[in-house]
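A short write-up of the structure that comes next.
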Amino acid sequence: MADSVNIPNEAETRAKWGSFAFSPEYKVKADMYIGRYPAGRQQSAVMALLDLAQRQVGEETQTQGWLPVPVIEYVANYLGMPYMRTYEVATFYTMYNLAPVGRYHVQVCGTTPCMLRGSDDIIAACKSRGLVKGATTPDGMFTLTEVECMGNCASAPMVQINDDNYEDLDHSSMTAILKDLAEGKQPKVGTQLPGRHTVEPYGGATTLHAMVDKNHDYRGEWK
């Protein structure tokens with residue numbers, strides 16, 4: 001299950017983020033997303049604006065970003081919607097962080113397909129690197145979270161680190177990815193299996209090697 005977060009002290013959060021506002025660059029993007037919806041339907045852009053706000057916080061803190069309460073309030077006011085409606089969105093999706101995270105937010109899928117394909121080994125690789133579920137490493141580099149399905153079942157097990165997915169993992173490849181990130185290197189994104197590019201059958205197709213003859217029915221008999 002997804003880990004619960006410890007919401008920071010609100011007084012301290014308000015003191016630091018109470019004056020948050022979109023930078024000129026982010027305001028242009030926010031207004032662009034709002035403009036995609038009919039007049040009076042600006043609240044439909046709430047997910048996009050929460051993401052923009054989180055990214056701006058991330059740039060200011062040199063982390064993956066998070067959504068302090070005053071920032072969520074700012075987005076709600078920007079869209080003219082109740083704070084609670086905005087907060088409901090922020091708490092529903094794991095793409096939004098409600099507490100500070102590290103420079104790299106390591107989200108390990110623990111749902112059934114990934115679990116059957118070895119997600120426990122991925123968690124073990126993270127722990128070997130000093131990562132603890134629901135916490136950030138002392139150097140501020142990594143935050144580890146176990147989340148629900150992220151839609152890469154055909155290339156399980158997988159993790160999402162910030163905006164990138166890493167798939168077809170095992171203990172060794174996960175260890176190498178964390179090492180590269182810690183050293184400031186960019187690991188290979190996507191599948192970690194040699195010769196595989198997306199989610200095509202590893203080792204080649206095993207069925208439907210040739211087009212089915214249109215003169216045969218599904219039982220292979222002549223019409």
Side-chain angles (χ1 to χ4, degrees), residues 1-111 114 131-137 140-152 158-165:
M1 297 296 292
D3 302 300
S4 60
V5 298
N6 295 316
I7 305 299
N9 179 275
E10 185 168 338
E12 296 177 2
T13 300
R14 289 193 179 281
K16 181 174 178 59
W17 296 104
S19 60
F20 176 88
F22 282 132
S23 67
E25 295 79 11
Y26 276 100
K27 188 178 186 305
V28 169
K29 294 179 181 179
D31 292 342
M32 179 267 293
Y33 285 121
I34 292 173
R36 293 180 176 180
Y37 298 96
R41 300 288 184 179
Q42 71 275 8
Q43 296 180 9
S44 300
V46 61
M47 289 190 66
L49 265 65
L50 285 172
D51 180 67
L52 291 176
Q54 179 167 277
R55 290 177 185 276
Q56 182 172 324
V57 170
E59 289 184 2
E60 295 181 17
T61 58
Q62 294 298 300
T63 67
Q64 204 258 336
W66 68 293
L67 291 172
V69 169
V71 175
I72 301 176
E73 291 174 340
Y74 173 82
V75 171
N77 292 331
Y78 201 92
L79 294 172
M81 61 190 296
Y83 163 75
M84 186 50 63
R85 294 286 302 277
T86 313
Y87 184 74
E88 287 171 347
V89 176
T91 56
F92 185 82
Y93 296 97
T94 55
M95 65 184 284
Y96 303 118
N97 305 313
L98 300 181
V101 295
R103 182 176 178 183
Y104 299 108
H105 188 190
V106 182
Q107 299 181 77
V108 180
C109 177
T111 312
C114 280
L131 280 65
V132 177
K133 282 202 296 183
T136 300
T137 53
M141 185 68 70
F142 296 105
T143 298
L144 175 62
T145 307
E146 183 176 352
V147 299
E148 299 305 311
C149 182
M150 292 189 282
N152 290 76
M158 64 84 61
V159 304
Q160 179 178 325
I161 304 178
N162 293 1
D163 290 331
D164 295 321
N165 286 352

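Heads up: numbering here begins at 1 and tracks the sequence.
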Rounded to the nearest 0.5 Å, what separates atom [atom1] in [X] from atom [atom2] in [Y]?
| X | Y | atom1 | atom2 | answer |
| --- | --- | --- | --- | --- |
| L49 | Y33 | CG | OH | 9.0 Å |
| Q54 | I72 | CD | CD1 | 9.5 Å |
| I34 | K27 | CD1 | NZ | 8.0 Å |

Checking side-chain contact (heavy atoms from CB on, under 4.5 Å) for the pair L144/V132: CA distance, chi angles, key distance, verdict? CA-CA 6 Å; L144 175 62; V132 177; 6.0 Å; no
Evaluate the side-chain proximity of [Y] to [X]: yes if any heavy-atom separation is below 4.5 Å, no if none is.
| X | Y | value |
| --- | --- | --- |
| Q56 | F20 | yes |
| T63 | P100 | no |
| Y93 | L50 | no |
| I161 | Q107 | no |
| T94 | E148 | no |
| L98 | T91 | yes |
| L131 | T137 | yes |
| Y96 | V89 | yes |

Which heavy-atom pair separates [X] from [Y] by the least distance, and what is that distance?
| X | Y | value |
| --- | --- | --- |
| C109 | C149 | SG-CA, 3.8 Å |
| W17 | W66 | NE1-CZ2, 3.9 Å |
| M158 | Q160 | CE-N, 4.2 Å |
| V57 | P68 | CG2-CD, 4.3 Å |
| T86 | A76 | OG1-CB, 3.2 Å |
| Q43 | L79 | CG-O, 3.7 Å |

Just by distance, with hydrogens left out, do E59 and Y26 show a side-chain donor and acceptor under 3.5 Å apart? yes
Any side-chain donor paired with an acceptor under 3.5 Å for Y78 and D31? yes
Check step by step if side-chain contact (heavy atoms from CB on, under 4.5 Å) holds for Y104 and M141. CA-CA 6 Å; Y104 299 108; M141 185 68 70; 3.5 Å; yes
Please check if the side chain of N162 supplies one atom and the backbone of H105 the other of a donor-acceptor pair under 3.5 Å. yes
Do the side chain of N97 and the main chain of A99 share a donor and acceptor less than 3.5 angstrom apart? no
For the pair R103 and F142, evaluate side-chain contact (heavy atoms from CB on, under 4.5 Å) and give the outcome as yes or no after the intermediate values. CA-CA 6 Å; R103 182 176 178 183; F142 296 105; over 6 Å; no
Charged N to carboxylate O under 4.0 angstrom, E73 versus R14? yes
Strictly by salt bridge (Lys or Arg N to Asp or Glu O under 4.0 Å), give each pair with a member in residues 45-54 just once, sequence neighbours left out. D51-R55
Dump the intermediate steps for side-chain contact (heavy atoms from CB on, under 4.5 Å) on M150 and V147, then the final yes or no. CA-CA 8 Å; M150 292 189 282; V147 299; 3.6 Å; yes
